[in-house]
Amino acid sequence: MTSARDEPLLAVRDLHTHFSINAGLLRAVDGVSFDLRAGQTLGIVGESGSGKTVLSRTIMRLNLGNNVHTSGQARFDGQDLLTLPMSEMTEIWGQEIAMVFQDPMTSLNPVVKIGRQVTEHVRKHFGVSKKEARTLAVELLKSVRIPEAEVTIGSYPHELSGGMRQRVSIAIALACSPKLLFADEPTTALDVTVQHQILNLLGIQQSERNMAMVLVTHDLGVVAGRTDEIIVMYAGKIVEQASTDQIFQKTSHPYTEALLRSIPKTDQPSHTRLAAIAGRPPNLITMPTGCAFSPRCPYAQDRCFEEEPPLQINQDGHAAACWYQVGTAENQEAWDKNLAAGRLSTMAVAKGQIVDEVPTDLTTGSS
Amino acid sequence: MAGSGKAHLRDPESVLIRAEDLVVEFPISQGRVVNAVSGVSLDVKQGETLGLVGESGCGKSTTAKSLIQLPPPTSGTVSYLGTNLTSLDEKALRQARTDLQMIFQDPISSLNPRRKIGDVVAEPLRVWGPHNKDEQISQVDAMLEAVGIDPAIARDKRPHEFSGGQCQRISIARALVLNPQVIICDEPVSALDVSVQAQILNMLEDLKADYGLTLVFIAHDLAVVKNISDRIAVMYLGKLCEVSESNALYDAPAHPYTELLLGSSPVPDPTINLDITMVEEEDLPSPIDPPSGCRFRTRCKYATDRCAQEEPMMREVSQDHYVACHHPLVSVPEMAEVSA
């Protein structure tokens with residue numbers, strides 16, 4: 001018998017979320033699987049439109065509407081969240097799984113005092129009295145290091161700074177001691193100093209409460225050093241999945257490599273030319289055949305435009321979906337070949353050229 | 001950090017823009033004022049990129065905008081090519097501003113959604129000429145091409161048909177069409193994805209070389225600022241903390257605030273040891289009632305009594321590296337503090 005400890009807290013299998021819109025069927029999430037164990041942190045990274053937010057909202061059952069088509073499984077603590085009746089899902093929200101959103105101004109109610117917002121879950125789920133709730137609210141605000149917590153519970157959100165508001169959102173999310181926390185770009189709207197502290201705060205609370213966390217972000221700098229595992233998403237699919245160290249030290253997918261190379265770094269001298277990524281993310285309604293990244297990929301070969309690479313896992317547990325993985329001899333060969341042919345997507349990386357339109361095959365790919 | 005002083009200013013003859021003692025105050029209720037900028041002095045040489053960095057509310061955008069008199073500073077002077085912009089009348093100022101253009105943070109809201117791209121970029125020419133339609137079209141087309149947009153396709157389209165990065169490039173084309181000397185870039189890449197950010201940064205470097213531009217680049221991301229700037233000014237709560245040639249600032253930060261910013265900046269490398277325990281109790285002080293002495297002292301781990309009483313002045317720590325701090329992180333050569 002496998003013990004309960006071996007069972008992941010969250011097991012997502014072949015999850016699809018499609019939206020029917022006027023223009024057609026938009027495949028926002030297209031076959032995503034992953035496991036998350038208790039107390040662990042998973043980073044989900046991708047550009048705008050990669051499906052990272054839709055993925056977390058699907059698991060939370062926050063995508064409502066007749067035009068949303070979801071399939072697959074998201075087993076949390078043994079039950080599939082996707083088939084749970086809404087009445088049972090509301091019991092899970094806040095109590096078992098909580099969420100912190102990007103914009104702390106719009107995720108807090110502007111006309112309700114902080115204290116009441118922080119204890120709303122506790123009063124609903126555990127039926128505590130107003131007096132107890134007040135004590136609890138002060139404790140929670142102190143735990144997220146809000147100064148003068150006794151005063152702050154009587155304040156409205158607009159009276160606090162952005163960083164303090166996000167601390168309040170975290171206090172709300174932590175109120176019922178959930179087992180899993182989704183943090184969807186929790187620091188994107190904040191200054192670097194505040195971002196650093198909010199991420200620290202999440203980390204401290206996480207280890208104190210042995211809570212699992214999914215950290216969704218577009219910034220590889222945010223997930224480095226703060227996650228156990230990272231998923232890189234592109235066009236609704238996982239393109240690379242590995243431990244945090246492996247993602248950075250043995251980068252295998254050209255898209256992950258491209259993201260890493262395009263970030264300016266403080267240890268590079270001023271005026272270092274950045275490697276750009278050619279083209280734009282694909283239209284999720286009319287996806288290219290083959291690999292979705294192929295038109296923008298500096299290494300793409302004929303096969304990439306014809307055949308979609310599966311997510312293949314190696315013996316280190318490092319998974320990548322690419323025919324010409326970074327670091328292999330085939331990859332180097334593909335690079336040399338494309339560079340010699342002057343392929344636009346390759347030149348964007350080599351010379352930092354700006355390329356908007358990329359051909360969807362190799363034949364017209366030279367400049 | 002709350003430093004004043006002008007030790008970091010260079011020979012007025014050698015610079016394109018020189019701002020001295022800029023003060024910008026915004027009146028609010030009950031006779032109080034927001035001290036957005038409190039005595040900032042800056043200069044920018046021809047062809048140089050000056051990076052302005054700091055947290056939101058530090059006055060970096062207000063400082064840059066006051067350079068082009070948007071709005072004019074409450075007090076202080078801005079000299080551009082020897083002309084004091086603060087003393088110009090409206091007509092002369094409008095003329096002077098053709099040399100000083102601006103690009104903004106949100107590329108989509110800074111373009112009129114109902115106008116065609118060709119008209120958006122031609123607008124400055126309709127005001128300042130040439131008034132000949134054909135000449136306007138050819139200049140607009142050349143500008144769009146320079147930012148990598150195909151004019152034949154783009155001319156009759158509207159902003160919503162373009163991505164955020166393309167809209168930002170169209171904004172750049174609009175700023176460049178009058179052939180300006182200086183471009184103030186107010187967080188032009190903050191709203192963009194990293195891959196698009198790289199494109200815009202590379203493009204600004206290319207345009208700067210091609211058109212001989214001088215840039216004032218505002219950002220809160222230290223890596224972005226370092227990438228594009230020759231010289232960087234770090235601001236905190238309306239004051240300058242540190243001014244330095246960019247590589248030196250990162251190699252040996254002299255101001256405790258610069259150290260805090262650098263330590264907080266996310267680094268895409270898991271082997272870097274993060275300080276994952278630091279959570280400040282205090283919030284940023286209010287610019288309505290800023291702390292006495294050094295404005296950073298309430299958050300500074302090195303602060304002493306002196307910091308509360310005496311405002312630090314800018315002084316040189318090494319060549320082209322200046323700091324306003326009583327307890328700088330690098331040793332300061334023996335010399336009298338130069339005060340304004």
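Sequence lines set the chain letters: A, B, ... in the order given, protein chains first and strands last, and positions in each chain run from 1.
- Ranked by heavy-atom pairs under 4.5 Å with chain A, the list B:G148, B:P270, B:A198 is led by B:P270.
- The backbone N or O of B:Y236 sits nowhere less than 3.5 Å from a side-chain atom of B:R295 that would complete a donor-acceptor pair.
- By the 30° and 60° cut-offs, the orientation of the rings of A:H158 relative to A:Y156 is parallel.
- No donor-acceptor distance shorter than 3.5 angstrom exists from the side chain of A:T346 to the backbone of A:G342, with no hydrogens or angles considered.
- Comparing A:Q195, A:Q249, A:R280 by heavy-atom pairs within less than 4.5 Å of chain B, the highest count is held by A:R280.
- Ion pairing between a basic and an acidic side chain is recognised when a charged N comes within 4.0 Å of a carboxylate O; A:K142 and A:E150 show such pairing.
- If you measure heavy-atom distances from A:D219 to chain B, the contacts under 4.5 Å come from the side chain alone.
- Remark: A:D191 engages A:T193, A:V194, B:E55, B:S56, B:H220 in a side chain to side chain contact (heavy atoms under 4.5 Å, CB included) (not counting sequence neighbours).
- When the heavy atoms of residues 259-267 of chain A are compared with those of chain B, the residues falling under 4.5 Å are A:L259, A:L260, A:S262, A:I263, A:P264, A:K265, A:T266, A:D267, listed by number.
- Heavy-atom distances place both the backbone and the side chain of B:D230 under 4.5 Å from chain A.
- Residues of residues 153-161 of chain B placed with any heavy atom under 4.5 Å of a heavy atom in chain A are absent; none qualify.
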For B:S171 and B:L111, run side chain to side chain contact (heavy atoms under 4.5 Å, CB included): C-alpha distance rounded to whole Å, both residues' side-chain angles, the deciding distance at 0.1 Å, then the answer. CA-CA 7 Å; B:S171 307; B:L111 300 176; 3.8 Å; yes

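- Contacts of A:Q205 classified as side chain to side chain contact (heavy atoms under 4.5 Å, CB included), with partners at least two apart in sequence or in another chain: A:S143, A:L174, A:E208, A:R209.
- Ion pairing between B:E205 and A:R273 fails under the 4.0 Å rule for side-chain N and carboxylate O.
- Between the side chain of B:Y250 and the backbone N or O of B:L222 there is at least one donor-acceptor pair closer than 3.5 Å.
- No other option in B:P268, B:S195, B:G51 has as many heavy-atom pairs under 4.5 Å with chain A as B:P268.
- Counted within 6.0 Å of NZ on B:K208, heavy atoms from surrounding residues, nucleotides or ligands total more than 12; the atom is thus considered enclosed.
- For the residue pair A:T227/A:T244, the side-chain donor-acceptor check at 3.5 Å is satisfied.
- In this structure, A:S345 contributes its side chain and A:P295 its backbone to a donor-acceptor pair below 3.5 Å.
- With a threshold of 4.5 angstrom between heavy atoms, B:Q166 approaches chain A through side-chain atoms but not through N, CA, C or O.
- Between the side chains of A:E47 and A:S50, no donor-acceptor pair is found at a separation under 3.5 Å.
- Contact annotation for A:A348: neither backbone nor side-chain heavy atoms come within less than 4.5 Å of a heavy atom of chain B.
- The aromatic rings of A:Y255 and A:F293 sit perpendicular, their planes meeting at an angle over 60°, well past the 30° parallel limit.
- Contacts of B:T277 with chain A are made by backbone atoms alone, with heavy-atom separations under 4.5 Å and no side-chain atom involved.
- Looking at B:L201, the atoms closer than 4.5 Å to chain A (heavy atoms on both sides) all sit in the side chain, from C-beta outward.
- For A:E148, no part lies under 4.5 angstrom from a heavy atom of chain B.
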